[in-house]
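Inspection log for the structure reproduced underneath, given as structure tokens.
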Amino acid sequence: MSQALSIAAAPKALPALRRGACPSLDEPMQTGDGLLARLRIPNGRQTPRQLQAIAKTAAQYGNGQFEITARGNLQVRGLTPQTASVFATAIQAITAIERGLVVETPPLAGQDPLERADPRPLAQAIRALPIAGLGPKVTVVVDGSGQIDLNALGADIRLAAAGADHWHLRVDTKTVGTVATTDAVDAARIILELIANRGETARGRDLAPEKIRTALASLLANDVAAVPRLATNAIGDFTLNAAFATGIALPFGSVSSATLIELANIAKGLGITKLLLAPHHALIALAPDTALLHAWRDEAANLGFITTPDDPRRAISACIGSDGCASGHIAARALAAQLAERHAALFDGSVTLHVSGCVKGCAHPRAASLTLVGTATNCALVSNGLAGDTPLVEIAPARLESAFARLVQQRLPGETSAACLTRLGASTIAGLFRQE
């Protein structure tokens with residue numbers, strides 16, 4: 001049995017999880033609805049038949065809830081110590097699972113005529129570096145700067161193509177400089193060793209910029225100016241070197257196994273043979289004919305998937321809440337869908353909403369413009385914060401509809417939602433939600 005599925009050989013080890021570890025097949029994480037397993041698929045590539053088989057296996061051994069994460073990994077929920085090992089064995093027969101250092105590339109890497117360099121050879125070389133002692137969350141991004149970039153994803157080390165021969169290098173959020181392609185692997189190795197030397201809890205953010213530059217002094221090239229680029233996303237149509245692609249997204253990052261099985265079956269029926277997992281909860285289909293892709297996209301829309309970049313659900317993060325988690329106090333996704341439908345004008349791309357079943361905030365571990373948190377009796381409203389932060393106000397779920405309607409009415413002509421929230425301020429927003 002491969003190391004990637006060692007869970008099957010040692011099911012008794014399941015509850016003994018390393019604190020802060022990334023949940024994977026051999027190290028699932030306990031959540032409010034059972035054990036969660038994260039599947040890192042090499043290059044995110046699956047056939048419709050493989051995706052269908054994974055979804056069926058998730059329904060058989062988990063609770064049938066299927067997710068694509070913000071980083072483009074698969075998540076299966078509701079496993080138990082009894083079913084997790086059987087699930088792992090079944091997955092091994094369906095697809096390869098990647099382990100070790102996380103090195104990510106864009107989903108269209110190597111196929112994108114607009115990328116400045118193919119990031120895959122560099123990523124493969126970094127992935128093979130024999131560096132011990134790194135924590136499980138350390139992540140490297142190698143981005144060819146094409147039609148779908150990874151700029152929005154956090155990374156301990158980021159290499160973004162400046163051209164065919166040079167890469168812009170950042171450590172966490174710190175710009176380090178430019179390295180030649182021939183020196184990029186060595187640069188990554190040196191930084192990873194610096195992180196590893198600080199212990200398994202260390203991350204790129206723990207390294208001082210001057211220490212990084214000193215360690216890389218012989219490798220840093222003359223800086224190549226970064227070319228400003230518009231933000232990209234995986235939803236829409238893309239022209240590739242030898243094919244076409246269309247991307248859709250899972251609403252709130254989640255879908256039932258039954259719905260995913262139906263979508264994969266539609267792809268098979270249309271003759272689509274390649275599906276790519278993509279960042280921001282997206283799924284991309286590849287085909288030689290755009291008509292096939294648009295037919296698949298239309299069927300996906302009928303199944304409830306997000307198929308346009310301006311869909312208001314893209315601005316909302318929501319966990320399963322009380323519909324599937326013992327910790328949830330509210331049906332978070334149902335509430336999120338209702339707010340997206342009835343108050344679409346609020347979600348103009350300038351704000352984010354997080355709807356969380358409890359204070360843990362699993363679906364969005366970063367600050368959001370507005371956060372609704374389920375409590376034992378009400379919903380708490382947090383402004384520019386996390387689910388566990390001190391709320392502005394508590395409100396009964398039945399009053400949320402009118403409260404959001406009052407908030408939307410405050411927008412001035414031509415004003416973005418973000419500007420409106422800033423103008424109103426926390427106390428006025430709290431007052432709008434307190435009104436009967």
Side-chain angles (χ1 to χ4, degrees), residues 38-47 50-51 68-74 95-129 138-170 178-185 187-188 192 224 226-227 229-249 272-288 293:
R38 184 170 298 161
L39 285 63
R40 284 168 46 197
I41 309 294
N43 300 312
R45 289 177 173 272
Q46 294 284 278
T47 66
Q50 284 176 305
L51 202 59
I68 298 179
T69 71
R71 306 194 80 96
N73 294 312
L74 294 182
T95 183
I97 301 294
E98 189 175 90
R99 290 193 64 205
L101 177 64
V102 179
V103 184
E104 300 174 327
T105 57
L108 303 181
Q111 308 171 78
D112 187 346
L114 299 185
E115 65 185 358
R116 297 169 185 165
D118 184 348
R120 295 175 301 170
L122 181 53
Q124 183 177 356
I126 295 173
R127 197 176 288 119
L129 289 171
V138 172
T139 302
V140 180
V141 161
V142 186
D143 193 336
S145 303
Q147 294 177 79
I148 301 175
D149 61 43
L150 303 184
N151 289 342
L153 301 186
D156 295 272
I157 300 174
R158 182 184 305 277
L159 288 158
D165 300 321
H166 288 86
W167 299 78
H168 294 299
L169 172 62
R170 299 182 72 183
T178 306
V179 293
T181 300
T182 52
D183 294 325
V185 176
L192 290 171
V224 178
V227 179
R229 304 179 72 243
L230 296 175
T232 66
N233 69 76
I235 300 174
D237 294 336
F238 306 93
T239 299
L240 308 182
N241 290 326
F244 299 94
T246 290
I248 64 172
I272 294 171
T273 60
K274 292 182 182 178
L275 298 173
L276 305 178
L277 306 173
H280 309 299
H281 319 291
L283 185 65
I284 299 174
L286 274 61
L293 295 173

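We number each residue from 1, following the sequence as shown.
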Where the side chain of [X] meets the backbone of [Y], is there a donor-acceptor pair that is under 3.5 Å apart?
X: R71; Y: G154; result: yes
X: N241; Y: Q111; result: yes
X: T139; Y: V102; result: no
X: D149; Y: N151; result: yes
X: S145; Y: A162; result: no
X: T232; Y: I148; result: no
X: R120; Y: T105; result: no
X: R170; Y: A155; result: no

To the nearest 0.5 Å, how far apart are [atom1] in [X] and [atom2] in [Y]?
X: N73; Y: E98; atom1: CG; atom2: CD; value: 8.5 Å
X: D183; Y: W167; atom1: CG; atom2: CH2; value: 13.5 Å
X: I68; Y: L74; atom1: CD1; atom2: CG; value: 6.0 Å
X: R45; Y: I284; atom1: CZ; atom2: CD1; value: 10.0 Å
X: H280; Y: I235; atom1: NE2; atom2: CD1; value: 9.5 Å
X: L114; Y: Q147; atom1: CG; atom2: CD; value: 4.5 Å

Residues forming a salt bridge (charged side-chain N to carboxylate O under 4.0 Å, His left out) with D237, sequence neighbours excluded |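 Testing D237 for salt bridge (charged side-chain N to carboxylate O under 4.0 Å, His left out), a comparison that skips the adjacent residues, returns R297.
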
Does a donor on one side chain sit under 3.5 Å from an acceptor on the other, for Q46 and T95?
-> yes

Are any non-hydrogen side-chain atoms of T273 and T47 less than 4.5 angstrom apart?
-> no

